[in-house]
Amino acid sequence: MEVVILDGAQTIGRLAADAITDLLQRQPESVLGLATGSSPLASYDELARRCGAGEVSFKRARGFTLDEYVGLAADHPQRYRNVIDTEFVSRVDFAPGAVRGPDGLAEDIPATCAAYEAEIAAAGGVDLQILGIGTDGHIGFNEPGSSLASRTRIKTLTTQTRLDNARFFDGNLEAVPTHCLTQGLATIMSARHVVLVAAGQGKAEAVHHLVEGAVSALWPATILQHHPHVSVLLDEAAASRLQLSSYYRDTYRAKPAWQGI
Ligand code: F6R
């Protein structure tokens, strides 16, 4: 796991965007794993800018989102399908239908989850997965207690996650759905490169467990310690509880710039 401590969200966004840009330049038909929420927004802004400037193209790429609320109406602005379209997909040049997500309105939830797994596998798996992390250590919506071997399925959101996300629902906790469909931890672990971005003091405890804690279903993101290629991009506040932060800084400083993450 490589830990990179940077001076703010814009710098984090640029480094994550560099990893995606490099990948698409090497392999234009790559499969991207897309997260919603605030964490990846700076990367999406930067990629939209680069796409507009002709520096990167998503024309031959495909995308799979991580998760979706159950039961939000198709036109609800906080439905993750709509959020990712607004924040990213509509701002770059993906081909129509190239970005897929789990269907939170499906009648047969086990069948839709199995079909989503099959779709990701048929696309050849995810080359680069962008992740945020919840204050309770979730990735995707794999809440504490999730099976470390889980695949796409329905989950109940914790009250903590619903409180955290109430800001997207005018601060109204009751409006935040109680359930979601999410790629499982094993699904996320199948991605070839995972780029996790986190900023702010609120993420410091979860980041401490992710990087330096014991692997445990109590902090689901810790499963990433078993992944061979994870880049964790942090601001100072999110990194503030790391014991080995000077080591991570020295290591990254000594790395040749051409190497990327
Ligand atoms: C979103 C997702 C979640 C978020 C996490 C952090 O698709 O899967 O795991 O990444 O809840 O959310 P933000 O970035 O809003 O702090």
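Each ligand, and each atom within it, is numbered from 1 in the order the structure gives.
Of all the atoms in ligand 1, the ones that sit under 4.0 Å from a non-hydrogen atom of Thr36 are 1 (C), 7 (O), 10 (O). Close approach to Gly140 involves these atoms of ligand 1, each under 4.0 Å from a residue heavy atom: 2 (C), 3 (C), 8 (O), 9 (O). Under a 4.0 Å criterion applied to the non-hydrogen atoms of Lys203, ligand 1 contributes the atoms 6 (C), 13 (P), 16 (O).
In summary, the side chains of Glu117 and Thr187 do present a donor paired with an acceptor at a separation below 3.5 Å, with no hydrogens or angles considered. In summary, the side chains of Thr222 and Gln225 do not present any donor paired with an acceptor at a separation below 3.5 Å, with no hydrogens or angles considered.
Proximity of a side-chain donor or acceptor of Thr112 to a complementary backbone N or O of Asp108 within less than 3.5 Å is not detected. When atom types are taken as modelled, the side chain of Glu87 and the backbone of Leu41 share no donor-acceptor pair closer than 3.5 angstrom.
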*Glu2/Lys255 under side-chain contact (heavy atoms from CB on, under 4.5 Å): CA gap, chis, key distance, verdict*: CA-CA 11 Å; Glu2 177 177 37; Lys255 192 175 174 183; 2.7 Å; yes

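Residues satisfying the salt bridge (charged side-chain N to carboxylate O under 4.0 Å, His left out) criterion with Asp18, sequence neighbours excluded, are Arg50.
Under 4.0 Å from ligand 1, not a single heavy atom of Glu68 appears. Under 4.0 Å from ligand 1, the heavy atoms of Leu66 that appear belong solely to its side chain. With a 4.0 Å cut-off on non-hydrogen atoms, Ile133 touches ligand 1 through its backbone and not its side chain.
On a distance-only criterion, Ser38 and ligand 1 share at least one N/O pair closer than 3.5 Å. Between Ser39 and ligand 1, at least one pair of N/O atoms sits closer than 3.5 Å.
Scanning the protein for heavy atoms near atom 2 (C) of ligand 1, the closest one is Asp67 OD2, 3.2 Å. Remark: minimum distance from atom 5 (C) of ligand 1 to any protein heavy atom is reached at His138 NE2, 3.4 Å. Nearest protein neighbour of atom 10 (O) of ligand 1, counting heavy atoms only, is Gly132 CA, 3.3 Å.
Remark: aromatic rings of Phe58 and Phe88 are close, center separation under 6.0 Å.
Taking both residues in full, the closest heavy atoms of Asp103 and Arg79 are given as OD1-NH2, 4.4 Å, listed atom of the first, atom of the second, then distance.
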